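Everything quoted here is computed from the prediction, not taken from an experiment.
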Amino acid sequence: MVVKKAALSVFIIIGLLMQGNWTQAAILLTKSGTHSYTVPFVREEVSLSGSAGSSEMTFQLPSYWEVGRVKVILDVQVSQVSRKEWSTVTLSVNGKPFYSFHPETGGETGQHVEAPVPVELLVQGGNVLKLQTELRAYADDQVCVEDTQVAHWLRIGASSRVETEYGLRPVEDSIRDFNARMAGPDAVAAGRSLVTLPADPKAAEWEAAAYALTGFARTNLLTENAIPLLPYTAEHIQDKEYVTLIGLYDSLPQELQALVLSGSSAVGAGEAAAAAPDLDRQGLIRLVGMQDKAILIVTSRSPEMLIKAGRLVANQEQIGQAAGNMLLVDDSTDVSKPAAGFSREIRLTENGDELKGPFHQERSYYIAMPGNLELGNASKIALDFRYSENLNFDRSLITVKINGVPIGSKKLHKELAQADRAVFTVPGDMAVSGSFTVTVAFDLEADFNACAVSRNETPWAYITPDSQLQLQSRQRTELLLNNYPYPFVQDGQFASVSVILPDRRDNELYRTVGNLFHLLGRYAASNTGEVKFSQASAAPEELKNRNLIAIGSYRDNAVIRAQNDKLYFRYDKDGTRILSNEKISLEAGYAAAIGTLQLLPSPYGGGGMLVVTGAEPNSVFRASRLLAGEEALWRIYGDGVFTDRDGKIQAFRFKKASGVKTAPGLDEILQRKDVVAFTAAAVLVLALVLVSLILLVRKHTRRKAHKKSTRRRRS
């Protein structure tokens, strides 16, 4: 009977995941009222130079929003030489213009503009907002000098933003709807989402939570806002709307135990009865409503099945397809999400990009890459593009830059205007690691008086969706925070990670683990790696040949205490403060409050050890915030970093530089077709020379032997 129930459970989960046309799920909760959400147009002030420029950003409209009004608010300042009556700023969304204005020029305080966006131009998901400028000092009918000098500029203030007013659709009784809301930008920004664990979690509960956190981190669009991890208490869930609770069944609060095993409203009554979970052998993911909260419970009596259910939550593709309110996993359920190889082809633009206007025009593309990956010189940028035929082709060209450094240019030709192509190889002397920017720039020099150009003569260029980056990369394996998340994430998955927990179990510990796995999860594209949680009293055999993350202080983590003499920032004999070292002198009171990150070789062999430590629990949490988001990550380097109560960060390198530059690997060399062809030709020539020498030697030897034989016969 148990076997039949298990088989039916697997059938139900497969049906839920593979079903094509979802039926409308039941309503779980109803939210009322109007909400507001603001996204900055730029992170910091941006300046556009020249007579023509553009800036764009993407803002999200989640599927569960009922959008009422969207408004673009701009604070801009324009150069004094630009003339208001001949200059324009145009806003477009998803390629469709909706608002234009003449910018005020010459003012010291700038101009405040509010532009409503027509709702019919918006789509669910990502919307692209673009600002284009045309700044001029001369009228169309005036003779003028080339109007492209840097005296033309427009500054977009950091206060510029997009404001959205919306209502929330009723919360459906479906896991996919909850999943979208759990990591939704509004919920994360307002702190309405929470991942929780039972009190005093066991190792399997920590591990399952770590996997679930990585899944939510990958879909969280607010890269600097981590979904917090805290113990499940009435106080912690009081102001939350979306809660994910991960724990063994016997550790769950009694009221939730009853809800877990209640009938399912997303399937028929007969199916719900047949699919009653066997929690000794199965893992269960169940969505329930309690008061004004939606709670996703991930549970099992089996530690192995709980961990597997946590991995399913980490597989956002699967979990985002579940139209019902319950999923079951057992030994036969495939929950894995393999990591795709990072050596791949990346499209620069999905729908193509148009650049319009004379003179210099450019478009930039952000390429996300882990910090420990280095752009290999086998990488290529292959561009397919077209452009107008009314150019001065002696002076028009395309240039490609990586992080602002040119890697190549090509002249434009009239006969290729409707279908041109250029391939640029990344030079071997470029040291690019982590995420970077590819910029495609056109210099569209007009073959007429550009100051008096009519709109139907405006030069243009178009980058097609076939344009791509043929990316090859190599790993940097030095134990430095510059290369983080290496060694903990390699090839897109966790690489034998062990988290060593302190003896204490306060809120700061939960928050620290949440911070660390928020950023690690953004780099762990796969859920197939391994993360283990160990106590500070763990035997050395448990930690052998693993990458370690030790959390805590000298006094509450025995591993940190045992390795104190190897730390870059050591503790005093009582563990109450950090000592001065060869890099910096620390005042006693100040040193008692700082938190440090230290990356050093593991004392148990086989990997690295990240020590997240401080004399006080709050100092440990403060240090973990440096590894919670990419913005803070760019501010740290070397192998020893500390931060104080005022947020000041100081980074140092203690390990000596090896001074050895890594040679290109065989795979990278084989990607260079020119190198392979040259090598093959050289080998062929050498082979022919060698064969020729052998034949000549043989011929000479035979001739010499023949002469000797002839002399003997004559004698």
Side-chain angles (χ1 to χ4, degrees), residues 370-372 433 475-490 494-502 512-513 515-516 519-520 523 531-534 536 538 540-573 575 577-584 586 591 594-615 619-620 622-627 632-633 635-643 649-660:
N372 73 301
S433 59
Q475 288 201 88
R476 293 168 23 166
T477 57
E478 199 169 3
L479 285 177
L480 295 173
L481 291 166
N482 312 54
N483 300 334
Y484 192 83
Y486 178 87
F488 309 101
V489 175
Q490 299 179 41
F494 290 114
S496 299
V497 176
S498 282
V499 181
I500 306 169
L501 298 172
T512 294
V513 173
N515 281 342
L516 295 174
L519 184 59
L520 288 172
Y523 288 108
V531 178
K532 297 293 183 184
F533 282 77
S534 304
E541 291 74 23
E542 287 184 48
L543 308 178
K544 188 177 181 181
N545 296 325
R546 298 183 67 83
N547 293 300
L548 311 179
I549 301 176
I551 301 172
S553 70
Y554 178 94
R555 288 174 289 185
D556 61 27
N557 193 312
V559 170
I560 295 176
R561 190 161 57 248
Q563 302 303 318
N564 187 47
D565 62 334
K566 297 183 179 66
L567 297 180
Y568 305 126
F569 292 100
R570 299 182 179 90
Y571 284 97
D572 65 359
K573 61 183 178 60
R577 63 183 179 90
I578 302 292
L579 296 173
S580 301
N581 55 37
E582 69 271 25
K583 298 287 186 179
I584 191 168
L586 298 171
I594 62 174
T596 76
L597 300 173
Q598 303 176 57
L599 185 58
L600 55 155
S602 169
Y604 306 99
M609 179 169 74
L610 174 68
V611 181
V612 186
T613 188
S619 300
V620 178
R622 195 181 307 120
S624 75
R625 293 176 63 182
L626 301 180
L627 295 177
L633 184 61
R635 301 168 63 190
I636 64 177
Y637 58 87
D639 44 24
V641 178
F642 76 78
T643 181
I649 299 169
Q650 292 200 55
F652 306 92
R653 176 169 180 154
F654 292 88
K655 287 190 289 286
K656 292 182 179 179
S658 63
V660 178

Measure the spacing between [atom1] of [X] and [atom2] of [Y] and express it to the nearest 0.5 Å.
X: Ile584; Y: Ser580; atom1: CD1; atom2: OG; answer: 8.0 Å
X: Ser553; Y: Ile578; atom1: OG; atom2: CD1; answer: 9.5 Å
X: Leu548; Y: Ser534; atom1: CG; atom2: OG; answer: 8.5 Å
X: Leu600; Y: Leu567; atom1: CG; atom2: CG; answer: 6.5 Å
X: Glu478; Y: Leu599; atom1: CD; atom2: CG; answer: 10.0 Å
X: Asp556; Y: Ile551; atom1: CG; atom2: CD1; answer: 10.5 Å

Donor-acceptor pair, Arg546 side chain versus Gly607 backbone, under 3.5 Å?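 Between the backbone of Gly607 and the side chain of Arg546 there is no qualifying donor-acceptor contact (under 3.5 Å).
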
Has Asp639 got a side-chain atom pairing as donor or acceptor with Leu480's backbone, closer than 3.5 angstrom?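 Not confirmed, Asp639 side chain does not pair with Leu480 backbone.
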
Distance-minimising heavy-atom pair for [X] and [Y]:
X: Ser498; Y: Leu543; value: CB-CD2, 4.3 Å
X: Ala558; Y: Ala536; value: N-CB, 3.5 Å
X: Asn547; Y: Gln490; value: ND2-NE2, 4.1 Å
X: Gly614; Y: Ser619; value: CA-CB, 4.1 Å
X: Leu520; Y: Pro485; value: CD2-CB, 3.7 Å
X: Leu479; Y: Lys655; value: O-NZ, 2.7 Å

Atom CZ of Arg625: over 12 foreign heavy atoms under 6.0 Å: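 Not buried by this count: 12 neighbours or fewer within 6.0 Å.
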
Other residues, nucleotides and ligands only: do more than 12 of their heavy atoms fall within 6.0 Å of NZ on Lys544?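 Counting neighbours around NZ of Lys544, 12 or fewer heavy atoms of other residues, nucleotides or ligands fall under 6.0 Å, so no.
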
Measuring centre to centre across the rings, with the benzene-like ring taken for any Trp, is Phe654 within less than 6.0 Å of Phe569?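 Yes, ring centres under 6.0 Å apart.
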
Mind jotting down which residue pairs meet the side-chain hydrogen bond (donor to acceptor under 3.5 Å, both in side chains) criterion with at least one end in residues 596-605? Sequence neighbours excluded, please.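 Checked against side-chain hydrogen bond (donor to acceptor under 3.5 Å, both in side chains) - neighbours excluded - the pairs reaching residues 596-605 are Thr596-Gln598.
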
Are [X] and [Y] packed together at the side-chain level, in the sense that at least one heavy-atom pair is separated by less than 4.5 angstrom?
X: Leu626; Y: Leu481; answer: no
X: Met609; Y: Gln563; answer: yes
X: Leu579; Y: Arg577; answer: yes
X: Tyr484; Y: Leu610; answer: yes
X: Leu501; Y: Val513; answer: yes
X: Val611; Y: Ile560; answer: yes
X: Leu597; Y: Tyr568; answer: no
X: Lys532; Y: Glu542; answer: no

Identify, with sequence neighbours excluded, every residue that meets ring-ring contact (aromatic ring centres under 6.0 Å, His included) alongside Tyr571.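 Partners of Tyr571 under the ring-ring contact (aromatic ring centres under 6.0 Å, His included) test: Tyr554.
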
May I have the step-by-step check of side chain to side chain contact (heavy atoms under 4.5 Å, CB included) for Leu627 and Ile636, ending in yes or no? CA-CA 9 Å; Leu627 295 177; Ile636 64 177; 3.6 Å; yes

Under the criterion side chain to side chain contact (heavy atoms under 4.5 Å, CB included), I'd like the reasoning laid out for Phe642 against Leu586: C-alpha separation, chi angles, the key distance, then a yes or no. CA-CA 11 Å; Phe642 76 78; Leu586 298 171; 4.2 Å; yes

